[in-house]
Amino acid sequence: MRQRVRKGLLIYSALMFPMTFFLLSPFVIVLSASQGVLNGSAMIFGLLLMFSVIGSRLFCGWLCPGGTVQDYISVANNRHWNSKFKNLAKYIIWLMWFSFIVFLWIHNWPIKANFLYFMDINIQYLIIYGIVMSIIYLFTLMTGRRGMCHSLCWMAPFMVIGETIADFLHIPRFRLKAKPDACVSCGKCSRICPMGLNIAEMVKSGRVDNTECINCLECVDGCPKKAIGFGICQKQ
Ligand code: SF4
Ligand code: SF4
């Protein structure tokens, strides 16, 4: 039931994406920053960072429209796309992108807030939307399960920063909990993880913290031995 609700939310979010795109766009942030504007995307990303201090990456697993598209593309390419190097790529890209935005904000200071900046759905908007969707589609097709989340996502670093702040300050946040004694090493959790994480190995080690985990709870609901739980708690 929980996974049906999650998938329903993801599909709804994907259907709404043509309307919400300007609130989640890295390009529109750059465009607005170049004109001295703090737009809706910048505000939403800031809110996501704050939310992740408690909610970790629940947004990625339950609401991200780009994630939904990737989950459906993985039918065509279900390969695992998860390694330190592949995951590192998004932080390098993010750092360059975010540094450029900060540069533009400083250059155009004082900046003014305009939540609805670029909201008009016109031809320019549709072209940008089409380009971004094509990148998500093709990149995931070439890489594998949520390849975009692992290597290119411009939003994930904000949430990982939020998680890191929570752990550093010992703030309880949403996380998985392992029950290693209940695990029979069947490997089902790793097979169904949309992020391609080796969650079975993590459960056995008793440490299920991983910044790539999107808190979708597929592993929790799929485990036949109920060896994975979840809750809001501090880092152990
Ligand atoms: S599905 Fe459950 S029992 Fe099987 S490996 Fe994963 S945690 Fe262990
Ligand atoms: S480890 Fe579990 S909760 Fe995390 S992404 Fe994989 S299936 Fe989802």
Thinking salt bridges, do [X] and [Y] make one under a 4.0 Å N-O criterion?
X      : Y      : value
Arg146 : Asp71  : yes
Lys7   : Glu218 : yes
Glu163 : Arg173 : yes

Is the shortest side-chain heavy-atom distance between [X] and [Y] below 4.5 Å?
X      : Y      : result
Leu63  : Leu58  : no
Phe59  : Ser52  : no
Cys60  : Asn215 : no
Lys225 : Cys183 : no
Leu24  : Pro65  : yes
Pro172 : Ile54  : no
Met202 : Asn210 : yes
Thr143 : Asn77  : no

[Y] reachable from [X] in the ILVMFWY side-chain graph, under 4.5 Å edges:
X      : Y      : value
Met50  : Val53  : no
Ile92  : Val160 : no
Phe100 : Ile29  : yes
Phe27  : Val102 : yes
Leu176 : Ile192 : no

Side-chain donor-acceptor pair present, Arg145, Ser74, cut-off under 3.5 Å: no
Residues Gln35 and Tyr117: side-chain donor-acceptor under 3.5 angstrom: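 There is such a pair (donor and acceptor under 3.5 Å, judged by atom type) between the side chains of Gln35 and Tyr117.
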If you measure from [atom1] on [X] to [atom2] on [Y], what distance do you get to the nearest 0.5 Å?
X      : Y      : atom1 : atom2 : value
Arg6   : Ile11  : CZ    : CD1   : 10.5 Å
Cys233 : Arg175 : SG    : CZ    : 5.5 Å
Met195 : Cys216 : CE    : SG    : 9.0 Å
Cys149 : Lys90  : SG    : NZ    : 8.5 Å
Tyr91  : Ile161 : OH    : CD1   : 8.5 Å
Met148 : Ile136 : CE    : CD1   : 5.0 Å

Ser56 vs Met159, side-chain contact (heavy atoms from CB on, under 4.5 Å): CA-CA, chis, key distance, verdict: CA-CA 7 Å; Ser56 301; Met159 284 169 270; over 6 Å; no
All pairs passing ring pair (Phe, Tyr, Trp, His ring centres under 6.0 Å) where residues 210-236 contributes a residue, at least two apart: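 Sorted pair list: Phe174-Phe230.
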Lys179 and Ile228: CA distance, side-chain angles, deciding distance, side-chain contact (heavy atoms from CB on, under 4.5 Å) verdict: CA-CA 6 Å; Lys179 300 168 203 157; Ile228 313 170; over 6 Å; no
Which atom names give the shortest non-hydrogen contact between [X] and [Y], and what distance separates them?
X      : Y      : answer
Val220 : Gly229 : CG2-O, 4.1 Å
Asn198 : Ser190 : OD1-OG, 3.2 Å
Gly147 : Thr140 : N-CG2, 4.2 Å
Leu10  : Thr68  : O-OG1, 3.1 Å
Ser25  : Ser41  : N-OG, 3.2 Å
Gly222 : Lys188 : O-NZ, 3.0 Å

Residue pairs, two or more places apart or on separate chains, that pass side chain to side chain donor-acceptor pair (under 3.5 Å) and touch residues 148-157: Trp81-Ser151, Asn87-His150, His150-Glu212
Check against side-chain contact (heavy atoms from CB on, under 4.5 Å), Leu197 and Asn82: CA-CA 7 Å; Leu197 305 180; Asn82 172 42; 3.4 Å; yes
More than 12 heavy atoms of other groups within 6.0 Å of Lys235 NZ: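 Atom NZ in Lys235 is not crowded, with 12 or fewer foreign heavy atoms closer than 6.0 Å.
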Within 6.0 Å of CZ in Arg2, more than 12 heavy atoms from elsewhere: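 Enclosed.
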Short side-chain to backbone donor-acceptor contact, Thr20 and Leu23, under 3.5 Å: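 No.
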Main-chain N/O of Gly130 paired with Ser134 side-chain donor or acceptor, under 3.5 Å: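 Yes; judged by distance alone, with no hydrogens or angles, the pair exists.
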Parallel, tilted or perpendicular: rings of Phe158 and Trp94 (30°, 60°):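 Trp94 vs Phe158 ring planes: perpendicular.
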Contacts of type ring pair (Phe, Tyr, Trp, His ring centres under 6.0 Å), residue Tyr129, not counting sequence neighbours: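 Residues passing ring pair (Phe, Tyr, Trp, His ring centres under 6.0 Å) with Tyr129: Phe17, Phe21.
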Pair Ile73-Tyr137, side-chain contact (heavy atoms from CB on, under 4.5 Å): steps then yes or no: CA-CA 7 Å; Ile73 296 170; Tyr137 198 90; 3.4 Å; yes
